[in-house]
Amino acid sequence: MNIKSICCIGAGYVGGPTMSVIAQKNPHIKVTVVDVNADRIAAWNSEDLSQLPIFEPGLDKVVAEARGRNLFFSTEVDRAIDAAEMIFISVNTPTKTYGAGKGMAADLQYVELCARQIAKVSTSNKIVVEKSTLPVKTAEAIKDILDNTGNGIHFEILSNPEFLAEGTAIQDLETPDRVLIGGESTASGQKAIEVLKTIYAAWVPEDQIITTNLWSSELSKLTANAFLAQRVSSINALTELCEKTGANINEVANAIGTDSRIGPKFLKASVGFGGSCFQKDILNLVYICKSLGLNEAADYWEQVIIMNNHQRERFADQIVKALYGTVADKKITFFGWAFKKDTNDTRESAAIYIADKLIDEHANIQVYDPKVSALQMQSDLNYLNSRSESDNDSYLSSEKDPYKAAEGAHALAIITEWDEFQNYDWKKIYDSMSKPACVFDGRNLLNKSELEAIGFSYQGIGQ
Ligand code: UDX
Ligand code: ADP
């Protein structure tokens, strides 16, 4: 069976790019992406493609090709749900900030609201696909809500987790390592899997489309991220040892990465991983393990997060220590605020935690990031801490010109690995800074010996 219309609830970092590519590759299917956030939808519909609500290399081209043809962005959620044969749930599932499982379990209120809404407005059979990262067995809860509150029509639930990384989302969607589809083993479940498979088969070779049962699919998503995050924490766990002993983490990473059993990817030492998935998914895994009484497994995975928190704190401590034990009233410039390059997403970025720690010490932070707005930086900080907003405002400012941002700074911290930082006139930056001009390279992005030759005091991670 081929379907003609898809609705996606949630026009965020996952729903937006995923649906754009699905629409581009399946011109015969009408794809409507809906969101309750009218500003976000207006931005998706803007004529000027540089105004799309999320920055993602290559996304503008895909949207330009499909939008208005078979790709639509709308706030009319109910109408789009009922008109569709297949509905993707792509709403946010942040870590709970209240009640049972606070700080660990996923907050499923948006997912539940979606399920209730689908049940309420649907008048024909639907395939409902969970796209957001969800803890194992959520599909069961969604199915329960749909079956018990719906109008007696048939809902089939699939799990189709996303594996796209921000900054390379379009590339990841166009040439994925694999697509994972989980469904029930009933005849209708298997049929639903086939329907979704046909959509991806428009551009993904069939042998790269893996099908599993629902629970395996849900758990694979969580554990894929946990394994990746674990690699980052593992390499970061060695950085301190390198600094103490004179080994160089870049050399160590290169040496172990050439062992094909280990491989070169995800071995870049850093200020710590960020992003909307890693921490959330691991905490989810920890919570599930704890709920089942698997305390050793829970502790094992929790250590990945503990290591990551330590790496951020260590970075802030190093800055304070190098500036003679006090940063009060000193200007510290951050290059980068996003959680990684090529995205304007700042969720769980190390920048927020490092800024917060330095502001506790009364430092003045000025930030230059090519894609993140000043408003976003302020709201990230306000969300994290209990300082008054005006206090945050007075300690954190942003600057659109990187050279101005560096002027008079006692220290410069590279937080995000934006390529453009490598092409700057570092002599000019050195001349404008307070001496000794310290660079703390949280991404090992710059060349240590070149910077030292200019006169900088350079401190990388693990070197
Ligand atoms: C991740 C997964 O990669 C993706 O498959 C999943 O679907 C969503 O979560 P994303 O969060 O966009 O994607 O970014 P990713 O590239 O995985 O990086 C996560 C964090 O780890 C970033 O802060 C990044 O800077 C950091 N990182 C990554 C390192 O510090 N070192 C590395 O070697 C790799
Ligand atoms: P992700 O990174 O998972 O895509 P985002 O926060 O970027 O997360 O996007 C999720 C989107 O889902 C937001 O734009 C939010 O407004 C939208 N959303 C949440 N709940 C609903 C709902 N019940 N109906 C429509 N849209 C919703």
Side-chain angles (χ1 to χ4, degrees), residues 7-19 33-41 43-44 53-54 56 73-78 80-81 87-94 106-118 131-134 161-169 172-173 176-178 180 220-222 224-236 239 249 253 257 264-282 308 311-312 336 338-351 415-417 442-445 461:
C7 165
C8 172
I9 308 179
Y13 283 90
V14 174
T18 307
M19 291 304 126
V33 188
V34 294
D35 202 297
V36 283
N37 183 335
D39 290 343
R40 212 166 205 187
I41 291 297
W44 278 109
I54 67 176
E56 195 61 66
F73 294 92
S74 162
T75 50
E76 292 190 65
V77 182
D78 289 356
I81 289 176
I87 300 162
F88 285 81
I89 300 183
S90 217
V91 301
N92 31 340
T93 50
D107 189 340
L108 296 180
Q109 60 170 320
Y110 306 107
V111 172
E112 178 171 346
L113 278 174
C114 269
R116 288 187 185 277
Q117 204 160 358
I118 295 169
K131 192 83 198 158
S132 326
T133 307
L134 297 166
E162 50 82 20
F163 291 107
L164 59 89
E166 291 174 31
T168 53
D172 296 341
L173 283 161
D177 285 345
R178 67 352 196 151
L180 180 58
S220 301
K221 164 67 196 196
L222 284 188
N225 278 343
F227 268 66
L228 291 171
Q230 186 188 39
R231 276 176 76 95
V232 178
S233 271
S234 296
I235 198 78
N236 282 345
T239 55
I249 198 70
K265 293 178 184 167
F266 270 76
L267 284 180
K268 282 205 195 87
S270 65
V271 278
F273 59 74
S276 67
C277 286
F278 280 8
Q279 174 160 323
K280 185 184 78 175
D281 289 352
I282 295 174
N308 200 49
Q311 191 75 346
R312 295 163 172 168
F339 82 95
K340 65 180 206 179
K341 72 173 180 179
D342 291 336
T343 179
N344 59 345
D345 194 352
T346 63
R347 285 176 286 183
E348 292 300 331
S349 176
I415 309 285
T416 314
E417 73 281 28
R443 295 290 183 164
N444 289 342
L445 185 71
I461 297 268

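Each ligand, and each atom within it, is numbered from 1 in the order the structure gives. Please read all numbers here as calculations on a predicted model, not as lab measurements.
The distance criterion of under 3.5 Å between nitrogen or oxygen atoms is met by V14 with respect to ligand 2. The shortest N or O to N or O distance between V232 and ligand 1 is not under 3.5 Å. Here's the thing with D35: one of its N/O atoms is less than 3.5 angstrom from an N/O atom of ligand 2. Backbone and side-chain nitrogen or oxygen atoms of R40 are examined, and one is located within less than 3.5 angstrom of a nitrogen or oxygen of ligand 2. Distances between N or O atoms of S276 and those of ligand 2 include no value under 3.5 Å. For ligand 2, the polar-atom distance check finds an N/O of R347 within less than 3.5 Å of one of the ligand's N/O atoms.
For atom 4 (C) of ligand 1, the nearest protein heavy atom (residue, atom name, distance) is L164 O, 3.5 Å. Residue, atom and distance of the protein heavy atom nearest to atom 12 (O) of ligand 1 are E166 N, 2.6 Å. With respect to atom 1 (C) of ligand 1, the closest heavy atom belonging to the protein is F278 CE1, 3.5 Å. With respect to atom 21 (C) of ligand 2, the closest heavy atom belonging to the protein is V91 CG1, 3.6 Å. The shortest contact between atom 12 (O) of ligand 2 and any protein heavy atom is with G10 CA, 3.4 Å. Given atom 2 (C) of ligand 1, the protein heavy atom at minimum distance is N225 OD1, 3.3 Å. From the protein, the heavy atom lying nearest to atom 26 (N) of ligand 2 is V36 N, 3.4 Å.
Counting only N and O atoms by type, the side chains of N92 and Y13 include no donor and acceptor under 3.5 Å apart.
Near F163, meaning under 4.0 Å from one of its heavy atoms, ligand 1 places the atoms 4 (C), 5 (O), 7 (O). Those atoms of ligand 1 that come under 4.0 Å of a heavy atom in A165, given as number and element, are 3 (O), 12 (O), 13 (O), 16 (O). The contact set between ligand 1 and L267, taken as ligand atoms under 4.0 Å from a residue heavy atom, comprises 33 (O). The atoms of ligand 2 that sit less than 4.0 Å from any heavy atom of G12 are 4 (O), 5 (P), 7 (O), 9 (O). Interface atoms of ligand 1 facing L228, defined by a heavy-atom separation under 4.0 Å, are 3 (O). Listed by number with element, the atoms of ligand 1 under 4.0 Å from a non-hydrogen atom of S270 are 29 (C), 30 (O). Taking every heavy atom of S90 and a limit of under 4.0 angstrom, the matching atoms of ligand 2 come to 10 (C). Listed by number with element, the atoms of ligand 1 under 4.0 Å from a non-hydrogen atom of G274 are 19 (C), 20 (C), 22 (C), 23 (O).
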Apply side-chain contact (heavy atoms from CB on, under 4.5 Å) to the pair L180 and S220, showing each step before the final yes or no. CA-CA 9 Å; L180 180 58; S220 301; 3.6 Å; yes

Step by step, would you call F163 with D172 a side-chain contact (heavy atoms from CB on, under 4.5 Å)? CA-CA 8 Å; F163 291 107; D172 296 341; over 6 Å; no

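Looking at S132 against ligand 2, nothing comes within 4.0 Å, counting heavy atoms. In K265, neither the side chain nor the backbone holds a heavy atom less than 4.0 Å from any atom of ligand 1. Neither the backbone nor the side chain of I235 has any atom closer than 4.0 Å to an atom of ligand 1 (non-hydrogen atoms only). Contact annotation for K131 and ligand 2: no heavy atom of the residue comes within less than 4.0 Å of the ligand. At a 4.0 Å heavy-atom cut-off, ligand 1 touches C277 through the side chain alone. With a heavy-atom cut-off of 4.0 Å, Q279 does not touch ligand 1 at all.
For atom 31 (N) of ligand 1, the candidate residues are Q311, K341, K268; the nearest heavy-atom contact is made by K268. Distances from atom 25 (O) of ligand 1 to the heavy atoms of E417, R443, E162 show the closest one on R443. Across D78, N92, I9, heavy-atom proximity to atom 6 (O) of ligand 2 is greatest for N92. Among F339, F273, F266, the residue whose heavy atom sits closest to atom 17 (O) of ligand 1 is F266. Around atom 14 (O) of ligand 1, the closest heavy atom drawn from K340, K280, K221 belongs to K340.
With hydrogens and angles disregarded, a donor-acceptor distance shorter than 3.5 Å links the side chain of W44 to the backbone of A11. Judged by distance alone, with hydrogens and angles left aside, the side-chain atoms of T416 form a donor-acceptor pair with the main-chain N or O of A338 at under 3.5 Å. The backbone N or O of T343 sits nowhere less than 3.5 Å from a side-chain atom of E166 that would complete a donor-acceptor pair. With S132 contributing its side chain and V91 its backbone, the two residues share a donor-acceptor pair below 3.5 Å. Under the 3.5 Å distance criterion, the side-chain polar atoms of K280 are matched with a main-chain donor or acceptor of T93. Here the side chain of K221 pairs a donor or acceptor atom with the backbone of E162 at under 3.5 angstrom.
The shortest non-hydrogen separation linking G275 to E348 is O-CB, 3.4 Å. Residues G12 and R40 come closest through the heavy atom pair CA-NH1, 3.7 Å. For the pair A80 and V34, the tightest heavy-atom approach, listed with the atom from each and the gap, is CB-CG1, 3.5 Å. The shortest non-hydrogen separation linking L164 to A169 is CD1-CB, 3.8 Å.
Legend: residues meeting ring pair (Phe, Tyr, Trp, His ring centres under 6.0 Å) with F88, ordered by chain and number and at least two apart, are absent.
Proximity of I54 to P17: side-chain heavy atoms (C-beta onward) are separated by under 4.5 Å at one or more points. Looking only at side-chain heavy atoms (C-beta outward), I235 and R231 stay at 4.5 Å or farther from each other. Contact check for N308 versus I282: no side-chain heavy atoms found under the 4.5 Å cut-off.
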Which donor-acceptor pairs under 3.5 Å do the side chains of residues 264-271 make with protein atoms, sequence neighbours left out?
{"unit_1": "S270", "atom_1": "OG", "unit_2": "G272", "atom_2": "N", "d": "3.1"}

